[in-house]
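Shown next, in structure tokens, is the structure this report addresses.
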Amino acid sequence: MIHCQIVTTVGSKVKERGSCHAILIRCMAFVLCALAGGSAAAQQLIKVDDVSSVAQIGRDVDGFTSCGIRTVGLAISATESSAFDFSILFRADVVGALGKFGGGTFKNTELIKKRQIPDFKPPAPDTFWIAASEDDLTAAPINKLQSQTPGFLLVTLSPVKAISIIRAISSGQNMQVSLKWEGRQYHPVYQFSAPLPPDEQRSLSVCISSSIEKLKAEAQRSGKDQ
């Protein structure tokens with residue numbers, strides 16, 4: 001089952017603080033409306049029918065260790081549906097960023113039967129890009145890593161671009177994300193806006209700002225020691 005949740009890590013322990021399973025409930029209405037509307041023409045640019053984001057914040061005794069966001073989107077057509085699920089995480093403890101992206105297409109009958117977004121099946125996307133629609137801000141993979149989750153691509157990202165993308169999604173900017181598989185003629189480009197609730201925006205903003213200030217202070221100390 002695919003789901004999204006706000007997660008706070010304290011040391012090696014993980015605490016769940018909430019969920020966004022409402023997306024899986026609301027999608028049933030979209031399926032029924034799409035089935036009643038007849039055939040839909042295939043298109044590369046897809047505006048999602050339902051999408052939701054949650055903050056992902058990690059910390060230990062020394063403070064914040066990671067600041068990120070997870071977004072899950074669902075698009076419905078007459079006979080089939082497609083979905084994406086991605087997380088972008090800025091790692092303050094190692095001064096890096098990670099991206100985990102998955103997606104897939106499935107028949108509406110499967111969505112209705114399971115009453116939830118089905119698990120994504122291999123192969124995982126070969127690459128992706130994500131961008132803010134209104135400016136030149138775009139992020140793409142730097143290096144591929146070994147993913148432990150079938151159907152998902154795990155990569156490193158530019159920390160600067162990752163923070164900018166996280167902030168853009170959090171604030172509700174119009175975004176586009178494209179997942180690409182080798183050998184397929186068309187690649188979906190999903191268009192969405194999935195802002196965080198105000199309290200989550202504030203928490204994530206504090207996480208990012210505090211992490212950046214901590215890194216600046218450490219860099220200044222290192223410069224004085226040299």
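FYI, the numbering just counts along the sequence from 1.
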- Run the salt bridge (charged side-chain N to carboxylate O under 4.0 Å, His left out) check on Asp85 and Arg70 step by step: do they pass? CA-CA 7 Å; Asp85 181 352; Arg70 183 180 182 185; 2.6 Å; yes
- Evaluate the side chain to side chain contact (heavy atoms under 4.5 Å, CB included) criterion for residues Lys180 and Asp126: first the C-alpha distance (whole Å), next the side-chain angles of each, then the deciding distance (0.1 Å), finally the verdict. CA-CA 6 Å; Lys180 296 185 178 182; Asp126 292 291; 5.7 Å; no
- Item | Verdict with reasoning, Met175 to Ser193, per side chain to side chain contact (heavy atoms under 4.5 Å, CB included) | CA-CA 6 Å; Met175 306 295 297; Ser193 175; over 6 Å; no
- Query: Which is it for Tyr190 and Val51 under the side chain to side chain contact (heavy atoms under 4.5 Å, CB included) test, yes or no, and what are the steps along the way?
  - Reply: CA-CA 11 Å; Tyr190 296 100; Val51 62; over 6 Å; no
- Can you list the steps and then say if Leu98 with Thr156 is a side chain to side chain contact (heavy atoms under 4.5 Å, CB included)? CA-CA 5 Å; Leu98 297 174; Thr156 59; 4.2 Å; yes
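Checked by atom type and distance alone, the side chain of Ser211 pairs as donor or acceptor with a backbone atom of Cys207 at under 3.5 Å. Within the 3.5 Å criterion, the main-chain N or O of Ser77 finds no donor-acceptor partner in the side chain of Ser81.
With contacts defined as side-chain heavy-atom distances shorter than 4.5 Å, the pair Val155/Thr127 does not qualify. A 4.5 Å side-chain heavy-atom check between Val160 and Phe90 finds every atom pair outside the cut-off. Residues Ile142 and Ser158 form a side-chain contact, since some pair of their non-hydrogen atoms from C-beta on lies under 4.5 Å apart. The shortest distance between side-chain heavy atoms of Ser164 and Arg167 does not fall below 4.5 Å.
In this model, no donor atom of one side chain and acceptor atom of the other lie less than 3.5 Å apart for Asp60 and Thr65. Judged purely by distance below 3.5 Å, without hydrogens or angles, the side chains of Lys107 and Thr79 never pair a donor atom with an acceptor atom. Side-chain atoms of Ser82 and Thr105 form no donor-acceptor pair, as typed in the model, at a separation below 3.5 Å.
More than 12 heavy atoms of other residues, nucleotides or ligands shown are found within 6.0 angstrom of NZ on Lys144.
The two atoms that bring Phe64 and Ala92 nearest to each other are O-CB, 4.1 Å, heavy atoms only. Between Gln173 and Ala132, the shortest heavy-atom distance links the atoms OE1-CB, 3.6 Å. Thr71 approaches Ser53 most closely through the heavy-atom pair OG1-OG, 2.7 Å. When every heavy atom of Asn108 is checked against every heavy atom of Glu80, the shortest pair comes out as OD1-C, 3.2 Å. In plain terms, the two heavy atoms of Ile165 and Ala131 that are nearest each other are CD1-CA, 4.4 Å. In this structure, Pro195 and Gly172 approach most closely via the heavy-atom pair CB-CA, 3.5 Å.
Separating the CD1 atom in Ile88 from the CZ atom in Phe101 is a distance of 4.0 Å, to the nearest 0.5 Å. Ser133 OG to Gln176 CD: the interatomic distance, rounded to the nearest 0.5 Å, is 4.0 Å. Rounded to the nearest 0.5 angstrom, Glu182 CD and Arg184 CZ are separated by 11.0 Å. Here the straight-line distance linking atom NE2 of His187 with atom OG of Ser178 works out to 7.0 Å at 0.5 Å rounding. Distance check, rounded to the nearest 0.5 Å: NZ of Lys121 to CZ of Phe106 gives 10.5 Å. Here the CD1 atom belonging to Ile46 is positioned 11.0 Å from the CD1 atom belonging to Ile76, to the nearest 0.5 angstrom.
Using a 4.5 Å cut-off between side-chain heavy atoms of Ile, Leu, Val, Met, Phe, Trp and Tyr, with links allowed through other members, Leu154 and Leu179 fall into different hydrophobic clusters. Hydrophobic clustering places Val48 together with Leu196 (ILVMFWY residues linked when any side-chain heavy atoms are closer than 4.5 Å, directly or through intermediates). Cluster annotation: Ile166 is not connected to Leu89 through the hydrophobic network of ILVMFWY side chains, with a link wherever side-chain heavy atoms come within less than 4.5 Å. Under the 4.5 Å side-chain heavy-atom criterion for Ile, Leu, Val, Met, Phe, Trp and Tyr, Leu215 and Leu157 are members of the same hydrophobic cluster. One hydrophobic cluster holds both Ile57 and Val206 under the rule that ILVMFWY side chains link at heavy-atom gaps under 4.5 Å.
Ring centroid separation for the pair Phe128 and Phe86 does not come in under the 6.0 Å cut-off. Note: Phe120 and Phe152 meet the aromatic proximity criterion, with ring centroids under 6.0 Å apart.
Note on Lys214 versus Asp62: no salt bridge recorded, every NZ/NE/NH1/NH2 to OD/OE distance being 4.0 Å or above.
Applying the salt bridge (Lys or Arg N to Asp or Glu O under 4.0 Å) rule to Glu110 yields the partners Lys114; only residues at least two apart in sequence or on another chain are considered.
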